[in-house]
Amino acid sequence: MIRPHSSTEYWTRWRTQAARNRSSRQAMEKRYDPNEVELKWQRIWEEQKSFRAAENGRLPKYYVLEMFPYPSGRIHMGHVRNYSIGDVVARYKRMKGLNVLHPMGWDAFGLPAENAAIERGVHPESWTRENILYMKTQLKRLGFSYDWEREVATCSPDYYRWNQWIFLQLYKRGLAYKKSSAVNWCPSCQTVLANEQVIDGACWRCDSAVAQKELEQWFFRTTAYAEELLRDIDRLEGWPEKVRIMQRNWIGKSIGAEILFPFAGREGGLTIFTTRQDTVYGATFVSLAVEHPLALELARGTPQEQAVEEFVDRIKQTSQSRRGEEGMEKEGVFTGAYCKNPFTGETIPIYLANFVLMEYGTGAVMAVPAHDQRDFEFAKKCGLLIRVVIQPKDRTLAADRMTEAYVDDGVMVESGPFTGLSSGAGKENIAAYLEEKGWGKKDIRFRLRDWGISRQRYWGTPIPILYCARCGVVPVPEADLPVELPRHVPFTGKGGSPLVESRAFLETACARCGGAARRETDTMDTFVDSSWYFLRYVSSDFDQAPFDSKSAAYWMPVDQYIGGVEHAVLHLLYARFFTKALRDLKLVKVDEPFANLLTQGMVCKETYRCGRHDWLLPTDLLGSEQEGWRCPQCDGPVEKGRVEKMSKSKKNIIDPEDLIARYGADTARLFTLFAAPPEKDLEWSDQGVEGAYRFLTRLWRFVSQHGEALAAARSDVPKKDLPAPLRELRRLTHRTIKKVTEDMEERFHFNAAIAAVMELFNAVGQAAREEAAWQEGGGVVRESLKTILVLLYPFVPHLVSELWTEIASEKSLDETGWPAYAEKVIEPERLLIVVQVDGRVRGKITVPGDASGESIEAEALRDSRVTSFLQGRKIQRIVQVPRRLVNIVLEG
RNA sequence: GCGAAAGUGGCGGAAUUGGUAGACGCGCAGGAUUCAGGAUCCUGUGGGCUAACACCCGUGGGGGUUCAAUUCCCCCCUUUCGCACCA
């Protein structure tokens, strides 16, 4: 196969070629045309179905998943980055011999499609389908190695019927239920607004003030899993600490107690929740939320009645978001009613306060002004009693001299039988005492709320519920699924959900009694769709259940999940909730869906801004970098703004399509992977892109210049008697394999991996310029270059595939797999030892690889630069780091 | 306010079981090639002081531990992100 080929022959030819190159380089070389190369390989991969995944029990599996996109119309740089990272992982793991599942799909329900319908009269479905088609060609053009046969689109009835099916299972188990809850309501558009449609408390479309409106809505009982969701965070070792903390905070577990404060002068009492039962002797009043069911009732018949009514009305009108604002002043009103502190026996007043939340705890709190900052401020304002019941260790508090609450732990005082206990012991003892006395009990509360999934929208999954005048709430029988969205509905943007207007959809027969029934017109939150799509991929055409449990048993969990931090809480928490619920339905075995999570940073770019005309496109600017930019509209000075996340409004976006047209997908991928490590923000740089492109061009040129020689070179490298520079090149080659493998494996240090390959390529280039490199037949150069190509394959697969066919005849890239390195080759013959005197580098010596510590020390002491520092000084001791460093420590 | 992450040349970033700080890329400078420009190739490039060597300084600031600190500990500053009346 290999033609005999002497080095002289090669050199003669090389020289003539070089000479010819000088006269007509263009004609000589095949130019690097990324477009041609990339389309060619994309076609080949498609034809050969290279990335199809199939279950194979004999092979270890690897499931790598990137967060699927919303089909907004075009992909953006954030997608390119996210999916490039995922593709590197997928291709790398495949080369390592793992059976890789790498799917892609579409988070296809959502508001923008409905807006397009309202604004431009396009049906949400057509709009979405067209966007999907376009974006799919964009993703294919980037060469991502997806198994497209598993593609899912959540707006397809084949998909959302399983949303409905899961809903019914949850409903059966009481995990889906209905309750009254507030929504944002625009009184002018007569419609419900999503949170993102409320801007500064006003409707985004008509700018009128948004009100709160109570509606009956569907919920998933996420709180049923609160404890497990919290506990299992500890097991998610492959997740960023940041995300784990965010989830913990979101779930917000508080351990405390419920205490009943009986009313004074009437039956019953108020149940409060506290985490500081050790301060109960300092509770000098009780505060209620204005929404508390007893708020008005307690005031009835008292002189306070009118004041309370006014207060409640006023506070309720301020929206939730306003109420949470910083510096919101503590306000309250006395209800006119009293209760008893069961511990002190004192009669204490009941107030309403604007800072007490009905949604948390019981909507009632015992107020301990000395040891809670809010209560302190409130008590100061209303002139209420402040009593110190916890003393810090290092000083003594006096109520009348306090300027703020003391909220830390300490020793209990003035606390009856509990006086003298520490806060910790007090909490335990008081909780026990409560149960003994029947005044209350130990209690745990979560900040986590149940998940409201109802949306008064069209473009989402219809909730499979019927309302029958006779039977009440009736779930749609599984056999009748899917409940499909009616196609023809009016999109006006006014009134309720368009589904309400569709009689064909709305009016139906009761599944139980056959009588007239009405369908639920709410659709599901799109987070429902994305809470289990990773399971659908394992068997995306399965029609007996959401997914085939056997396939899930093979593929789950997702080994590596990759996406933006913006989903750190909601999406990831809901997906965890679904996984646990589906596990309890015996559909899946895993407790957690994502074993490892990588949250990639944002793609940023510098911005330009004019004082009068705001953000400007860099291409519109007048002037220059040196003499300063000027505004094209007013000729005023333009300040080079900060580096910000790419966004249309800041006019600092780069369209991936333009980038690909100019440089190709490989350059786009290489740059995004090289410019920063995946988890950090990436600062876009046009010059950096040029640099990446230049590197690829250099690689291309090297192969076209040396291709023939390399193809003909000996592939069996003679292990012995290599000239020193070639031994060195081999060593670097193997060292690079080791480094890149570690960078890929451990922390996805792709930028460092690429840098190492570039370094190797620089060395190859240098070696190849020497005639000596070809004397042994070019085998070492060939091995090094092949290594470069293989190591680069996950990053720039098109270019590498093309070059590989040029130089490597014997095996395909797929068969070759990820290279191994030999420790023995890496082992250097001579070691470079740094010699320090008193910790400062004073000399460098080289010693044989097997030199003993003593001989290294002796050598170090002989070094002339070192000895000049030893003149007239006494050596105190010598520290040696084997094979690396000698530090000579002097006395004095 | 609480929590987290980060701060290294002109720029993006390397290096952390403590052991040559600045890999790799960009930019810049010089050279080769070219009629010229571009492209390409080669060389240099933290700062100070030098003719050069040498030496000194240097990883946000200050202190500490150590033979040795970008890396570990304490204090402070700055930036970014998340949470923010959760009783």
Q: Kindly say if A/Arg884 contacts the phosphate of B/U20, meaning a side-chain N or O under 4.0 Å from OP1 or OP2.
A: yes

(Q) Base of B/C83, side chain of A/Arg248 - is there a donor-acceptor contact under 3.5 Å? (A) no

Q: Please state how far atom CZ in A/Phe702 lies from atom C1' in B/U40, giving the value in whole angstrom units.
A: 15 Å

Q: Scan nucleotides 5-17 of chain B nucleotide by nucleotide, 5' to 3', and note B when protein non-hydrogen atoms come under 4.0 Å of the base, S if they reach only the sugar-phosphate, - if neither.
A: -------BSSS--

**Q.** Interatomic distance where CG belongs to A/Asp278 and P belongs to B/A87 [whole Å]
**A.** 13 Å

(Q) Go through it in stages, so that I can follow the logic: the residues are A/Leu861 and A/Ile878, the test is side-chain contact (heavy atoms from CB on, under 4.5 Å), and I'd like the CA-CA distance, side-chain angles, deciding distance and then a yes or no. (A) CA-CA 10 Å; A/Leu861 289 166; A/Ile878 297 177; 4.1 Å; yes

Q.
Between P on B/C85 and NZ on A/Lys380, what's the gap in Å once rounded to a whole number?
A. 24 Å

Q. Within the structure, does a side-chain N or O atom of A/Arg449 lie under 4.0 Å from either OP1 or OP2 of B/C86?
A. no

(Q) Using O4'-C1'-N9-C4 for purines and O4'-C1'-N1-C2 for pyrimidines, with syn meaning within 90° of 0, is B/G9 syn or anti? (A) syn

**Q.** Secondary-structure string, 5' to 3', Watson-Crick or G-U under 3.5 Å, | for another-strand partners, for RNA chain B
**A.** (((((((..(((......[....)))((((((.......))))))(((......)))..(((((..]....))))))))))))....

Q: State whether A/Arg694 places a side-chain N or O below 4.0 Å from either non-bridging phosphate oxygen (OP1 or OP2) of B/G27.
A: yes

**Q.** Donor/acceptor link under 3.5 angstrom from A/Arg374 side chain onto base of B/A87
**A.** yes

Q) Within this structure, what is the CG-to-C1' distance between A/Leu670 and B/G25, rounded to whole angstrom? A) 10 Å

Q | Cation-aromatic face contact A/Arg842/A/Phe869, 6.0 Å, 45 degrees | A | yes

Indicate every side-chain donor-acceptor pair of residues 686-695 of chain A with a distance under 3.5 Å to a residue at least two apart or in another chain.
from: A/Asp686; atom 1: OD1; to: A/Trp684; atom 2: NE1; distance (Å): 3.4
from: A/Glu690; atom 1: OE2; to: A/Tyr663; atom 2: OH; distance (Å): 2.7

Q.
Can you see if the side chain of A/Arg447 gets near the phosphate of B/A84 - specifically, an N or O under 4.0 Å from OP1 or OP2?
A. yes

Q | Summary of protein contacts for nucleotides 46-60 of chain B, nucleotide by nucleotide, where a base hit scores B, a sugar-phosphate-only hit scores S (4.0 Å, heavy atoms) | A | ---------SSS---

Please list each protein N or O that sits under 3.5 Å from an N or O in nucleotides 64-68 of chain B, with the distance.
from: B/C67; atom 1: OP1; to: A/Arg877; atom 2: NH2; distance (Å): 2.7
from: B/C67; atom 1: O4'; to: A/Arg877; atom 2: NH2; distance (Å): 3.4
from: B/C67; atom 1: O2'; to: A/Asn887; atom 2: ND2; distance (Å): 3.2
from: B/C67; atom 1: O2; to: A/Asn887; atom 2: ND2; distance (Å): 2.5

(Q) With salt bridge (Lys or Arg N to Asp or Glu O under 4.0 Å) as the rule and sequence neighbours excluded, what pairs involving residues 874-892 of chain A come up? (A) A/Glu827-A/Arg883

Q) Under 4.0 Å between a side-chain N/O of A/Ser287 and OP1 or OP2 of B/A87, yes or no? A) no

Q.
Please enumerate all residues that pass side-chain hydrogen bond (donor to acceptor under 3.5 Å, both in side chains) together with A/Asp666, with sequence neighbours excluded.
A. A/His798

Q.
Can you list everything that forms a side-chain hydrogen bond (donor to acceptor under 3.5 Å, both in side chains) with A/Lys381? Sequence neighbours excluded, please.
A. A/Glu329

Q) Can you tell me how far P of B/U40 sits from OH of A/Tyr32, to the nearest Å? A) 14 Å

Q. Taking atom types as modelled, is there a side-chain donor on A/Thr607 or A/Asn652 under 3.5 Å from an acceptor on the other?
A. no

Q. With sequence neighbours left out, what residues match A/Arg314 under side-chain hydrogen bond (donor to acceptor under 3.5 Å, both in side chains)?
A. A/Glu331

Q: Using only side-chain N and O atoms of A/Gln247, determine if any of them is under 4.0 Å from OP1 or OP2 of B/C83.
A: no

Q) Does NZ or CZ of A/Lys330 fall inside the cone over A/Phe378's six-membered ring, less than 6.0 Å from its centre and within 45° of the axis? A) no

Q. More 5' along RNA chain B: A/Ile245 or A/Thr274, using each one's nearest nucleotide?
A. A/Ile245

Q. Going by number, which of residues 753-765 of chain A have a non-hydrogen atom under 4.0 Å from RNA chain B?
A. A/Ala755, A/Met758, A/Glu759, A/Asn762

Q: Using the test ring-ring contact (aromatic ring centres under 6.0 Å, His included), find all partners of A/Phe273 that sit at least two apart in sequence or belong to another chain.
A: none

Just distance, no hydrogens or angles: give the donor-acceptor pairs under 3.5 Å from side chains in residues 360-367 of chain A, sequence neighbours left out.
from: A/Tyr360; atom 1: OH; to: A/Ser254; atom 2: OG; distance (Å): 3.0
from: A/Thr362; atom 1: OG1; to: A/Thr271; atom 2: O; distance (Å): 2.6
from: A/Thr362; atom 1: OG1; to: A/Ala364; atom 2: N; distance (Å): 3.4
from: A/Thr362; atom 1: OG1; to: A/Ala364; atom 2: O; distance (Å): 3.3

Q. Does CZ in A/Arg830 sit with more than 12 non-hydrogen atoms of other residues, nucleotides or ligands closer than 6.0 Å?
A. yes

Q) Parallel, tilted or perpendicular for A/Phe750 and A/Phe748, by the 30°/60° rule? A) tilted

Q. The side chain of A/Val356 lies closest to which of these nucleotides: B/A87, B/G25, B/A4?
A. B/A87

